[in-house]
Amino acid sequence: MIQYIKIKNFLSFKDEVVFNFEATKDKKYEDYQVVEIAPGVRILRIAVVYGANASGKTNLVSAIEFLRNFWFQYLENKDQPTGAIPFLLSSEMPNQPSEFSIGFYIGQKKYVYNLTVSNNVVLNEKLLTYPSQQPATIYERVTVDGISQITFNPKRVKLGQAAKEQISLYCLQNVSVFAAYNKVNVGAEEMDTVMNWAKAHFTFQHRMGLEDNVAYTESIISRDESKKGAILNFLQRADYNITGIDIQQIERTVPDELIPLLIKSSEGVPVSEIERLKRDKTITMNKVDFEHCITNENGEKEYYKLPKNLQSDGTIRTFGLSGVIDHAVESNSFITIDEIEDSLHPALIEFIVEDFLKHKGESQMLVTTHYDGLLEADDLLRNDSIWFTSKKENGATELYSLVDFKGINRITSLQKAYRFGQFGAIPNI
């Protein structure tokens, strides 16, 4: 589980901000919202971020997305950018590196990953663990004159000299040690533990768009028919009259003039699939139909199939989220939903949050939203789950928690207090 994330000089985050999932001593809704991951360490399963447009909510999600991509994205060319974008509304910050730190638990053991990176070179990278109160370094990497120098702790990483040299060779100045390690056919238990956790449990932290979510949900149904029942159950409990989902794969011919465009936008697609596209000039697409059940004038049930393009935006968004949330709950993953209110009725937003929390486990969800009704919904949010982003006069994002305010327990309506600007994080119109 993720304990905290620190960000500095990235997008709208000029000064260091800390987003913390650690729970306070408050016992409210503890049974299903707090996990005691280690003795004395209590971590929240949900956090909700409020803020005006352009205040930095999505940039928080983007920072997490950057970290995950950086860990596993291998760049073949050392001149390719890392993707780290500094705070640009300043004369000095664009020339400074971005800084990140993430603390997380795998089982009861704590790990911390620190990264200092510019848009073209990794300056410092370190992975720590806490076998006791004192940290132990797993590896540390610095880049000197474009060459990565990696120091592995021999007590924690058992690698031969040849393997270390091979990892260093793959570790270009713009890629992570994880990405380089992934290229080498060796095994080190502590490195594998962290990598396997990140791959399995830190997958859907990035801001997936509507089409990405829908494509993912379609893919898990195609791979595993048993998933269809869980997703249909979710849709029906959300008050959709959908009783069936039919997915068929069909081949479509691609006009010659579109092939270069498809290849250009095919990042992450296997080389073999790109070669097949060039050769066969076809692509495989999903044809998705939703079965709807209605009651006619005689009180009889009737069933009709309608294609995906005739479903409402809310139906498609809920369908897409259902697969992603199902994966998160089943695999104890961390996910984000950016602007959860898009195309969704307020009651459905509350249903999605409540349904996620009902599934006990170590899954975590970070939600950004403008929907302040969650502040009044019963049994959904603790005070330490509520965060705000505000834009300062210099354009930088300020990130803070509701528990930073004194006298919160004396406020009868958090929703009204927020609307009247008591916590900031609203447009100054």
Side-chain angles (χ1 to χ4, degrees), residues 65-66 68-77 80-81 83 175 179 182-183 185 199-200 203-232 234-235 240 242-292 303-328 330-331 333 335 337-338 342-343:
E65 175 184 8
F66 167 80
R68 204 280 175 181
N69 289 344
F70 176 75
W71 278 2
F72 296 110
Q73 178 176 274
Y74 189 80
L75 304 175
E76 299 289 346
N77 189 324
Q80 290 178 260
V175 303
N182 218 20
K183 298 276 286 184
N185 188 26
K199 289 177 179 177
T203 302
F204 289 102
Q205 91 295 344
H206 57 289
R207 179 168 37 92
M208 297 174 72
L210 175 62
E211 292 182 1
D212 299 316
N213 287 329
V214 171
Y216 176 77
T217 303
E218 291 174 4
S219 71
I220 63 171
I221 292 176
S222 299
R223 293 195 309 267
D224 185 355
E225 186 71 16
S226 66
K227 289 294 183 184
K228 184 187 294 186
I231 289 167
L232 281 172
F234 184 91
L235 293 173
Y240 293 102
I242 295 171
T243 53
I245 304 168
D246 182 43
I247 300 178
Q248 298 179 15
Q249 290 192 331
I250 58 174
E251 269 198 359
R252 291 280 173 85
T253 301
V254 180
D256 290 341
E257 61 271 18
L258 290 183
I259 291 177
L261 294 175
L262 286 173
I263 293 173
K264 187 177 181 180
S265 61
S266 61
E267 183 178 348
V269 176
V271 174
S272 59
E273 184 62 22
I274 294 175
E275 292 302 319
R276 191 200 64 78
L277 171 62
K278 292 177 181 177
R279 182 182 67 251
D280 300 340
K281 300 181 180 180
T282 62
I283 59 173
T284 301
M285 302 176 62
N286 285 333
K287 179 180 181 295
V288 185
D289 292 316
F290 291 83
E291 180 186 76
H292 292 254
Y303 298 87
Y304 297 91
K305 284 188 176 181
L306 297 175
K308 183 172 69 175
N309 66 300
L310 292 183
Q311 309 302 318
S312 72
D313 290 346
T315 300
I316 295 301
R317 178 150 166 82
T318 307
F319 170 72
L321 288 174
S322 66
V324 174
I325 293 172
D326 179 77
H327 169 85
E330 188 173 86
S331 61
S333 296
I335 61 171
I337 304 177
D338 193 26
D342 281 359
S343 301

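This one's a predicted model, so the numbers in the text were calculated from it and none came from an experiment.
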### Task
Begin with the C-alpha distance, continue with both residues' side-chain angles, and end with the deciding distance and a verdict on side-chain contact (heavy atoms from CB on, under 4.5 Å) for Val288 and Glu218.
CA-CA 8 Å; Val288 185; Glu218 291 174 4; 3.4 Å; yes
Give a yes or no on whether the backbone of [Y] and the side-chain of [X] come within a donor-acceptor separation of less than 3.5 Å.
X	Y	result
Gln311	Leu306	yes
Lys228	Ile245	yes
Ser343	Gly314	no

Heavy-atom closest pair, residues [X] and [Y]:
X	Y	answer
Gly323	Ile220	CA-CD1, 3.8 Å
Ala328	Ile335	CB-CG2, 3.7 Å
Leu75	Val175	N-CG1, 3.5 Å
Lys278	Lys281	O-CG, 3.9 Å
Gly244	Leu232	N-CD2, 3.7 Å
Ala200	Ser331	O-OG, 4.0 Å

Pair [X]-[Y], side-chain donor/acceptor within less than 3.5 Å:
X	Y	result
Asp246	Gln248	yes
Tyr216	His327	yes
Tyr240	Thr318	yes
Thr282	Asp280	no

### Task
For atom CZ of Arg223, decide whether the heavy atoms of other residues, nucleotides or ligands shown that lie under 6.0 angstrom number more than 12.
yes
Validation row: [X], [Y] side chains within 4.5 angstrom (heavy atoms):
X	Y	answer
Ile316	Phe290	yes
Asn286	Gln249	yes
Ile337	Ile325	yes

### Query
Does the pair Asp342/Arg317 count as a salt bridge with the N-to-O cut at 4.0 Å?
no
### Query
Got a salt bridge between Asp326 and Lys227, using NZ or NE/NH1/NH2 to carboxylate O under 4.0 Å?
yes
### Task
Give the intermediate values and the outcome of side-chain contact (heavy atoms from CB on, under 4.5 Å) for residues Asp289 and Lys308.
CA-CA 6 Å; Asp289 292 316; Lys308 183 172 69 175; over 6 Å; no
Interatomic distance, [X] atom [atom1] to [Y] atom [atom2] [nearest 0.5 angstrom]:
X	Y	atom1	atom2	result
Asp256	Ile259	CG	CD1	5.0 Å
Ile221	Asp224	CD1	CG	10.0 Å
Ile242	Ile231	CD1	CD1	11.5 Å
Tyr304	His292	OH	NE2	12.5 Å
Thr315	Leu310	OG1	CG	11.0 Å

### Query
Run the side-chain contact (heavy atoms from CB on, under 4.5 Å) check on Phe72 and Lys199 step by step: do they pass?
CA-CA 9 Å; Phe72 296 110; Lys199 289 177 179 177; 3.6 Å; yes
### Close aromatic pair by centroid cut-off 6.0 Å: Phe319 and Phe234
no
### Message
Taking the six-membered ring of Tyr74 as reference, does the cationic atom of Lys183 (NZ for Lys, CZ for Arg) lie under 6.0 Å from its centre and within 45° of its axis?
### Response
yes
